[in-house]
J.: 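Quick one: the structure is below, and I'll ask about it shortly.
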Amino acid sequence: FDSYDGSYVASMAGDQGSLCSDGPITIGGDAIIGGDVRAGEGDTVTINGSSTEISGQIGTRITELNLPLVDASLAAGTNNNGSLEKYTDGTGWIDPLNPGTQDFMLTAGAVYTMPPGTYYFRNMTLVGGCTLNIVGKTTIYITGNLRREGNAIVNNNTQLASNLTINMTGGTAQITSDNPFYGTIYAPNTDVTYSGTAD
């Protein structure tokens, strides 16, 4: 898939979407992976889902990935968190960012457009059928956990994967969704769980 050629079309998908880890990999739901799945040396690949499709090979790595860890220190001091405005749910105004904890949360059908920029969050929670709209180059640093579930939509309106990057320093990433995702999640020191039918 090349986003510069236009929108993603499942029937035109290639086979270079491999999953690779230095630890174990667990796949649930009805995942379709157009490539290989490789767990770390001596680790396992666990598939929980009768409709899961993997076009490539399933196995373990013979060398470590040795990917650089995420350094969020610069984003901690200089970021665009101050540009995040409150939104209304019809009954009142809600701040998606808790300034005391630096937790970003959208729930209960919220629709929110994030201005382009660089953001620094502890936890990021997207649940309850909410929609997060991305309209330009956006980089998010997360030092805690990422939860995207409950039909939450991350709508990268540009449909350019290079316009949305989520960098994680550790923690866990729970990604359960049936909605497409255009972007990159770079999490070399994070336990990532993916389930659902999202591309």
Side-chain angles (χ1 to χ4, degrees), residues 1-14 16-17 70-169 171 173-187 190 192 194-199:
F1 166 65
D2 186 343
S3 58
Y4 289 103
D5 291 338
S7 300
Y8 175 80
V9 179
S11 63
M12 300 295 291
Q16 298 175 349
V70 172
D71 181 2
S73 60
L74 184 60
T78 305
N79 57 60
N80 298 104
N81 286 12
S83 68
L84 296 172
E85 298 180 353
K86 295 180 180 180
Y87 66 94
T88 182
D89 65 355
T91 61
W93 290 94
I94 300 171
D95 194 337
L97 181 66
N98 182 321
T101 63
Q102 297 299 309
D103 289 345
F104 182 92
M105 178 181 288
L106 295 179
T107 62
V111 177
Y112 189 81
T113 299
M114 181 176 282
T118 298
Y119 299 95
Y120 176 84
F121 305 142
R122 182 181 69 165
N123 298 313
M124 185 172 190
T125 303
L126 307 170
V127 295
C130 68
T131 300
L132 174 63
N133 290 311
I134 302 296
V135 294
K137 186 78 170 175
T138 303
T139 302
I140 300 170
Y141 288 87
I142 300 174
T143 61
N145 302 318
L146 169 65
R147 283 180 56 210
R148 178 193 173 199
E149 56 192 27
N151 294 317
I153 298 171
V154 177
N155 185 20
N156 182 347
N157 294 340
T158 70
Q159 294 187 341
L160 296 175
S162 59
N163 275 345
L164 175 58
T165 301
I166 298 175
N167 295 306
M168 298 186 65
T169 63
Q174 302 280 345
I175 304 168
T176 304
S177 181
D178 297 329
N179 306 111
F181 176 79
Y182 290 84
T184 300
I185 298 175
Y186 182 73
T190 299
V192 179
Y194 163 81
S195 62
T197 60
D199 290 318

J.: Is there a side-chain contact between Phe121 and Leu146 (heavy atoms, below 4.5 Å)?
T.: no
J.: Got a donor-acceptor contact below 3.5 angstrom from the Tyr112 side chain to the Glu85 backbone?
T.: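 Yes; at least one donor-acceptor contact below 3.5 Å.
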J.: Pairs under 3.5 angstrom only: tabulate donor-acceptor contacts from the side chains of residues 94-106 to other protein residues two or more places apart or in another chain.
T.:
{"residue": "Asp95", "atom": "OD1", "partner": "Leu97", "partner atom": "N", "Å": "3.1"}
{"residue": "Asn98", "atom": "OD1", "partner": "Gly100", "partner atom": "N", "Å": "2.9"}
{"residue": "Asn98", "atom": "OD1", "partner": "Thr101", "partner atom": "N", "Å": "3.2"}
{"residue": "Thr101", "atom": "OG1", "partner": "Asp103", "partner atom": "N", "Å": "3.2"}
{"residue": "Thr101", "atom": "OG1", "partner": "Asp103", "partner atom": "OD2", "Å": "3.3"}
{"residue": "Gln102", "atom": "OE1", "partner": "Asn81", "partner atom": "ND2", "Å": "2.8"}
{"residue": "Gln102", "atom": "NE2", "partner": "Pro99", "partner atom": "O", "Å": "2.9"}
{"residue": "Asp103", "atom": "OD1", "partner": "Arg122", "partner atom": "NE", "Å": "2.9"}
{"residue": "Asp103", "atom": "OD1", "partner": "Arg122", "partner atom": "NH2", "Å": "3.4"}
{"residue": "Asp103", "atom": "OD1", "partner": "Asn123", "partner atom": "N", "Å": "3.1"}
{"residue": "Asp103", "atom": "OD1", "partner": "Asn123", "partner atom": "ND2", "Å": "3.3"}
{"residue": "Asp103", "atom": "OD2", "partner": "Arg122", "partner atom": "NH2", "Å": "2.6"}

J.: I'd like to check Thr169 versus Asn167 (side-chain heavy atoms, cut-off strictly below 4.5 Å). Are they in contact?
T.: no
J.: For residues 149-157, run the donor-acceptor check on the side chains, cut-off 3.5 Å, and write out each pair with its distance to 0.1 Å, sequence neighbours left out.
T.:
{"residue": "Glu149", "atom": "OE2", "partner": "Arg147", "partner atom": "NE", "Å": "3.2"}
{"residue": "Glu149", "atom": "OE2", "partner": "Arg147", "partner atom": "NH2", "Å": "2.7"}
{"residue": "Asn155", "atom": "ND2", "partner": "Asn133", "partner atom": "OD1", "Å": "3.1"}
{"residue": "Asn155", "atom": "ND2", "partner": "Asn157", "partner atom": "OD1", "Å": "2.7"}
{"residue": "Asn156", "atom": "OD1", "partner": "Thr158", "partner atom": "N", "Å": "3.2"}
{"residue": "Asn156", "atom": "OD1", "partner": "Thr158", "partner atom": "OG1", "Å": "2.6"}
{"residue": "Asn156", "atom": "ND2", "partner": "Leu160", "partner atom": "O", "Å": "2.9"}
{"residue": "Asn156", "atom": "ND2", "partner": "Tyr182", "partner atom": "O", "Å": "3.0"}

J.: Could you list the residues that satisfy side-chain contact (heavy atoms from CB on, under 4.5 Å) with Ala75, not counting sequence neighbours?
T.: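 Counting only residues at least two positions away or on another chain, Ala75 forms a side-chain contact (heavy atoms from CB on, under 4.5 Å) with Thr118, Tyr120, Tyr141.
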J.: Taking all heavy atoms of Thr143 and all of Ala72, pick out the closest pair and write down the distance.
T.: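 Reported closest heavy-atom pair: CG2-CB, 4.3 Å.
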J.: Looking only at heavy atoms, which two atoms of Val192 and Ala187 are closest? And how far apart?
T.: CG2-CB, 4.3 Å
J.: To the nearest 0.5 Å, tell me how far Ile166 CD1 sits from Thr138 OG1.
T.: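 Reported value, rounded in 0.5 Å steps: 10.0 Å.
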J.: Provide the closest heavy-atom pair for Gly136 versus Pro116 in the form atom of the first, atom of the second, distance.
T.: CA-CG, 3.7 Å
J.: For Asn79 and Tyr119, work out which heavy atoms get closest and say how close.
T.: CB-CA, 4.3 Å
J.: How close do Met168 and Gly144 get, counting heavy atoms only, and between which atoms?
T.: CE-O, 3.7 Å
J.: For the residue pair Ile175 and Ile185, establish whether any side-chain heavy-atom pair is separated by less than 4.5 Å.
T.: yes
J.: So Ser162 and Thr184, do their side chains get closer than 4.5 Å, heavy atoms only?
T.: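 No, side chains not in contact.
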